Protein chains: 2
Amino acid sequence: MALAGHACTRESAVATRIDISPCNACPVRSMSVCSALEADELKRLADILVSVKVDAGHTLFAEGDGADTLFNVTAGTMKLYKLLPDGRRQITGFLLPGDFLGLSINDTYAYSAESVTPASLCRFPRRRLEGLLEDYPKMQRRLFAMASSELAAAQDQMLLLGRKNAKERIASFLLMLSERARRRGYAENPVHVPMSRSDIADYLGLTTETVSRTFTQLKTSRAISLLEGGKVRLNDMEILQELAEGV
Amino acid sequence: MALAGHACTRESAVATRIDISPCNACPVRSMSVCSALEADELKRLADILVSVKVDAGHTLFAEGDGADTLFNVTAGTMKLYKLLPDGRRQITGFLLPGDFLGLSINDTYAYSAESVTPASLCRFPRRRLEGLLEDYPKMQRRLFAMASSELAAAQDQMLLLGRKNAKERIASFLLMLSERARRRGYAENPVHVPMSRSDIADYLGLTTETVSRTFTQLKTSRAISLLEGGKVRLNDMEILQELAEGV
DNA sequence: GTCGCGCTTTGATCTGGATCAAGGCGCGAT
DNA sequence: ATCGCGCCTTGATCCAGATCAAAGCGCGAC
């Protein structure tokens, strides 16, 4: 299952070795794995990393692939997902610049990773990164902290998937995107929503039709405005917040 | 919200300071945070830990409480859950001996923790544990590994909550319990299912009625047998596995 | 330009699981 | 023994969201 039909565009990725300067210039260093490092440590990190650029819709790796690489998103949006044999899909997360992906318990990836928009990533060979982690406990702690906050997000998502209705899910989703944009210093309103209705549906456990109808409902009730270019203006944060919290 | 009506039985917990010998005798040491430690390191750990015993239905802490403690389950079953203001509940996990709880990103717990059965736990003051983690990177790595595998489990659960139907959820749940029992060296068939229908429902995003009906269906189709004492015999692993994987 | 294709929206209908309702059953308290 | 209370099961009905169907509407290829 895991490999079938997914690796098709893998080779199209542009991969170039880079020196330390891009690391220093990296716009997301402060929110990445490397945020914990000093200049000399950064140099050693730059030694092992490779920068990767991918088009929209590129499969970076598939569930079941050998997990020999860890990535850090530096630009664009990625999605992680799991599939059932009959094609049902659950997107387990959207990744923005600063987020990492590629952790695994055994030595295969537990999910597939695909770009939503054109994206750039830093690519760390797992082996060599592990050596680095041994030497730089700060970085180890940083990675641990990032995993912990992912775990907290996963628990929020379980609450959403298990107990919230469609309107509450959409409201939660929009507020989550807005909050994440804010914390990265991007425009938080209108929110940039680069993913398709179908991706949103598979993230929220709904169908595209229900996502579309719910957006329309929220628009009709003036809580949001749908702008062109995949932007959504949040007009009434209070109402959205109440919806999201399920009051 | 977070504190209301939850702390009622907190003080009934029996808490006694113990020396290192219980640590050496600890039946779950090999699968706990402390599995990475040598004898002398273990001694220092024993110095800061406190053993806690609780009755069934005891609230260990509530969402929003100050997160100054980390726990390791040594006996019994715990549940973690999140609530919506109107009372809807999502159980985000059941913990068995060896599992830990109490991680937090900011300094408050992101979920409530309650015992399902009478339970015992090791209690680590966060501050002092952090010091230990600095000195023993092995333990840090161990904790990281445990968090990673929790993250993987959370992603499986998102797939379940977002995309599986009732029968598939119940089958997945039973197999998960069986597998976890196996990995701990307990009886894996029949499986011990100590939690109520209502707990199962809130874990699987269903209602008690649907859980009950689905158990009955599986029983009628001979895939399982419901035994007394909260035991379930898995008669046809093949069918259950196919159901769980959504073939 | 305009053709074609994929994405989105909207409408009509269906259905799995929720909700509402009523016993049954086990067990601890009296 | 039996009362009462919390589960659990089963039945009847309902409904939010899925499914089926059919237009719009960009937008890139030619």
Side-chain angles (χ1 to χ4, degrees), chain A residues 55-57 79 84 86-91 114 116-118 160-174 193-221 224-232 243 246, chain B residues 55-57 79 84 86-91 114 116-118 160-174 193-221 224-232 243 246:
Chain A
D55 294 333
K79 63 188 175 202
L84 289 174
D86 64 359
R88 280 175 285 173
R89 181 178 68 152
Q90 180 66 36
I91 292 182
E114 187 178 324
V116 172
T117 64
L160 179 149
L161 292 171
R163 290 302 180 215
K164 290 186 183 176
N165 65 31
K167 226 183 214 177
E168 292 164 348
R169 290 180 199 210
I170 295 286
S172 303
F173 176 65
L174 291 173
V193 183
M195 55 291 282
S196 68
R197 295 289 181 258
S198 152
D199 280 349
I200 298 173
D202 284 348
Y203 180 61
L204 299 178
L206 301 170
T207 59
T208 56
E209 292 94 331
T210 298
V211 170
S212 181
R213 277 187 245 275
T214 308
F215 269 117
T216 306
Q217 277 176 48
L218 289 173
K219 186 178 70 172
T220 306
S221 72
I224 65 171
S225 303
L226 300 178
L227 312 179
E228 56 186 13
K231 295 241 189 301
V232 177
L243 270 176
Chain B
D55 294 336
K79 63 188 175 201
L84 289 173
D86 64 0
R88 278 175 286 173
R89 182 178 68 151
Q90 180 66 36
I91 291 182
E114 188 177 324
V116 172
T117 64
L160 179 148
L161 291 171
R163 291 300 179 216
K164 290 186 184 176
N165 65 30
K167 226 182 214 178
E168 292 165 349
R169 291 180 199 210
I170 295 287
S172 304
F173 175 66
L174 290 173
V193 183
M195 56 291 283
S196 68
R197 295 289 181 259
S198 153
D199 279 350
I200 298 173
D202 283 350
Y203 180 62
L204 299 178
L206 301 170
T207 58
T208 56
E209 292 94 331
T210 298
V211 170
S212 181
R213 277 187 246 274
T214 307
F215 269 116
T216 306
Q217 277 176 49
L218 289 173
K219 187 179 69 171
T220 306
S221 72
I224 64 172
S225 303
L226 300 179
L227 313 179
E228 55 186 16
K231 295 241 189 302
V232 177
L243 270 176

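Values in this document were obtained by computation on a predicted structure and should not be read as measured data. Residue numbers begin at 1 in each chain, while the letters A, B, ... track the order of the sequences.
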Is there a donor-acceptor pair closer than 3.5 Å between any side-chain N or O of R197(A) and the backbone N or O of T208(A)? no
May I ask you to decide if R88(B)'s main-chain N or O and R163(A)'s side chain share a donor-acceptor pair within less than 3.5 Å?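 Flag not set: sc R163(A) to bb R88(B) has no pair under 3.5 Å.
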Is R197(B) side chain donor-acceptor paired with the dT10(D) base, going by distance under 3.5 Å alone? no
d([atom1], [X]; [atom2], [N]) in whole Å:
X: K219(B); N: dC8(D); atom1: NZ; atom2: P; result: 14 Å
X: M195(B); N: dC8(D); atom1: CE; atom2: P; result: 12 Å
X: D199(B); N: dG6(D); atom1: CG; atom2: P; result: 16 Å
X: E168(B); N: dG16(C); atom1: CD; atom2: C1'; result: 12 Å
X: E209(B); N: dG16(C); atom1: CD; atom2: P; result: 18 Å
X: R213(B); N: dA21(C); atom1: CZ; atom2: C1'; result: 11 Å
X: N165(A); N: dA16(D); atom1: CG; atom2: P; result: 9 Å
X: R89(B); N: dA18(C); atom1: CZ; atom2: P; result: 15 Å

Heavy atoms from C-beta onward define the side chain here; which of [options] lies closest to that of [X]?
X: L206(B); options: dA18(C), dT19(D), dG11(D); result: dA18(C)
X: T210(B); options: dA18(D), dC7(D), dA18(C); result: dA18(C)
X: A166(A); options: dG17(D), dT9(C), dT9(D); result: dG17(D)

Classify [X] by what it touches in the nucleic acid, base, sugar-phosphate, or nothing, heavy-atom distance under 4.0 Å.
X: G205(B); answer: sugar-phosphate
X: T207(B); answer: base
X: S196(B); answer: sugar-phosphate
X: T216(B); answer: sugar-phosphate

Indicate the atoms forming the closest heavy-atom contact of L161(B) with G162(A), along with that distance.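 The answer is CD2-CA, 4.2 Å.
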Smallest heavy-atom separation, F173(A) atom then M195(A) atom, equals CZ-SD, 3.9 Å
For the OG1 atom of T210(A) and the CG atom of N165(A), what is their distance to the nearest 0.5 Å?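 Taking OG1 in T210(A) and CG in N165(A), the distance rounds to 11.5 Å.
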Report the residue (L226(A) or K164(B)) whose heavy-atom-nearest nucleotide on DNA chain C is the more 5′ of the two. L226(A)
